[in-house]
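Structure, as C-alpha cells:
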Amino acid sequence: MIKKIAVLSGDGIGPEVTRQAIKILDAVAGKYGHKFEYREGLVGAIAIDQTGNPLPYETLDLCKNTDAILFGAIGTPKYDNDPNAIIRPEQGLLKLRKEMGLFANIRPLTTYKSLLGKSNLKEEVITGVDFIIYRELTGGIYFGEKKLSDDGNYAEDICGYSSEEIDRIIKLAFEFASKRDRKKLTLIDKANVLETSRLWRKRVRIMAEKFPEVAVSFLFVDNAAMQMILNPKQFDVIVTENMFGDIISDQASVISGSIGLLASASIGYKYSMFEPIHGSYPEASGMNIANPIASILSAAMMLEHFGLFIEAKVVREAVEVCIDKGILTPDLNKTNEFSTTSVGNFIAETILNPEENFFNKENINLGNSTII
Ligand code: IPM
Ligand code: MG
C-alpha cells in the first residue's frame, strides 16, 4: 500500500514525539512492504513565526492532498500568557479541524496492567477500565461567535449546535457502541441548564430508536466528572460536545497513568487526522523526555483507518511490550527513565523482531539495535 501522509509536528514536544511515530510507521512499512511518503507542513506558533499565519494556505492545501494527517502538538507560553494576542497558535488547529470537516474526535482510554500502580487513582478502581470518548470537534462554544466589547469589559462566546451536527457524531458513536461487548452509550451534557444540551438529548433519544441493542444513559457533566474518578468502569462509549469532551478526556487520562499515553483520531466524511490528546508541553521541549506513546498509538489508529488492522495490532502489541518492560519516559518512570528516542527505538525494534525479548539499555539509548 502506498499512502501520502501530511506531517504537522507543530510546537513544543510535537516534533520529537511525531518523529517517533514516523519511526514506527517506517518499521511497519519495512515489515509489511508498504510505502508511506511524508510531506511536512507548518502549523501553530512555528507557522506564525515563519509566515504570520498559524495555518498557512500551503499547509491546508497539503492536508487536502494527502491520505491522512499526522499531527504533533500546538501552543507556546508566549501566546498562553498573552490574552491580548490576536493571532494564536491554537487557531491553526481549530481552523484545520473545521476546514477539513473533522467533526468526530475519537479518544480511547486503555489501561495497562503494569501501569495500574502508576495512576493517582486506586488500583481496584481502575483495573479493567476500557472506554472510548466520541468528542464533537467542529462545533459548540469553540466555534461560536466571539465578542469583546470596545472597553474590554465584556466578552462573549456563543455555543450553538444544529441537529445535523449532533446527528453525524452520535451516529458514529452508536454504530461503534453497537459493535462493543457491553453496548453502552453515555451522553455527557448539561441538559439541566443548557438549551444545546437539551437538543443533544433529544437527538440521542431519536437516534437510539435505530439502535435498540445499545443501552443509553445520560449524565450531567459535573456528575460525569465525579463518576469518572469514582467508578470509571461504568463507561463504555461516551459521546459529548466539544468542550465537555476536551475537559473530560484530559481527566480520563489520569486513569491510564499519563496523558502521554492517549491517542486520538479526528474523522470527517472526507479527511482524517491523528493526534495525541496532550498539548505541546513546552517545559520539556527539546529535552528528549516526552512520552512518544500517544503519538505512536495515534499512528496505529491511522493504520487502522487505512484498513491495516494487523499492522495496527502489531504496533499496539509492541507498545504493550515496551510498557510491560518498563521502558518508559519520566512521566511514568522516575527511577529508571528512558528517553523519547529510546522508547521509539524499542517499539520499532520490537515490531521488526518480535521474537527477541532481551534488551539492553545502553543500546536502546544509543539507538543501535535495541534488542540484542
Ligand atoms: C485538544 C487540545 C486543543 C483543544 C487545544 C490545543 C486547542 O486541548 O486537542 O484537546 O482544546 O481541542
Ligand atoms: Mg485538550
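Ligands are counted one by one from 1 in listed order, and the atoms in each one are counted from 1 as well. Values reported hereafter were calculated over all heavy atoms of this structure, with side chains retained and with hydrogens, waters and symmetry mates removed.
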Problem set entry | Enumerated ligand 1 atoms positioned under 4.0 Å from heavy atoms of Arg107 | 1 (C), 9 (O), 10 (O)
For this session: Give, for atom CD1 of Ile277 and atom CD1 of Ile259, the distance between the pair rounded to the nearest 0.5 Å.
Result: 4.0 Å
Problem set entry | Crowding at CG, Asp150 (>12 non-hydrogen neighbours, <6.0 Å) | no
Seminar exercise, completed: Within 4.0 Å of some non-hydrogen atom of Arg135, the atoms of ligand 1 are 1 (C), 4 (C), 9 (O), 10 (O), 11 (O), 12 (O)
Problem set entry | Thr111 and Ser256: side chain donor to acceptor below 3.5 Å | no
Seminar exercise, completed: Checking heavy atoms under 4.0 Å, the part of Arg88 that sits near ligand 1 is neither
Exercise. Does an N or O anywhere in Glu275 fall below 3.5 Å from an N or O of ligand 1?
Worked result: no
Problem set entry | Flag for Glu349-Asn353: side-chain donor and acceptor within less than 3.5 Å | yes
Seminar exercise, completed: So the atoms of ligand 1 within less than 4.0 Å of a heavy atom of Arg97 turn out to be 1 (C), 4 (C), 9 (O), 12 (O)
Exercise. Side chain, backbone, both or neither: which part of Ile74 has a heavy atom under 4.0 Å from ligand 1?
Worked result: side chain
For this session: Look at the side chain of Arg135 and the backbone N and O of Asn242, then say whether any donor-acceptor pair between them is shorter than 3.5 Å.
Result: yes
For this session: Taking both backbone and side-chain atoms into account, decide whether Asp250 has an N/O/S atom under 2.8 Å from the Mg ion (ligand 2).
Result: no
For this session: Starting from atom 7 (C) of ligand 1, find the nearest protein heavy-atom neighbour and note its residue, name and distance.
Result: Glu90 CG, 3.7 Å
Seminar exercise, completed: re atom 11 (O) of ligand 1, the protein heavy-atom contact at minimum distance is Tyr142 OH, 2.6 Å
For this session: May I ask you to identify the nearest protein heavy atom to atom 8 (O) of ligand 1, giving residue, atom name and distance to one decimal place in Å?
Result: Asp246 OD1, 3.2 Å
Problem set entry | NZ or CZ of Lys184 within 45° of Phe235 ring axis and under 6.0 Å | no
Exercise. Side chain of Asp11, backbone of Gly75: donor and acceptor closer than 3.5 Å?
Worked result: yes
Exercise. Any non-hydrogen atom of Gln91 lying under 4.0 Å from ligand 1?
Worked result: no
Problem set entry | Test: Lys171 and Glu175 ion pair at under 4.0 Å | yes
Seminar exercise, completed: Note: His278, heavy atoms under 4.0 Å from ligand 1, region reported as neither
Exercise. Taking just the N, O or S atoms of Asp246, which one is nearest to the Mg ion (ligand 2)?
Worked result: OD1
Seminar exercise, completed: To the nearest 0.5 Å, atom CD1 of Ile310 lies from atom CD of Glu317 at 10.5 Å
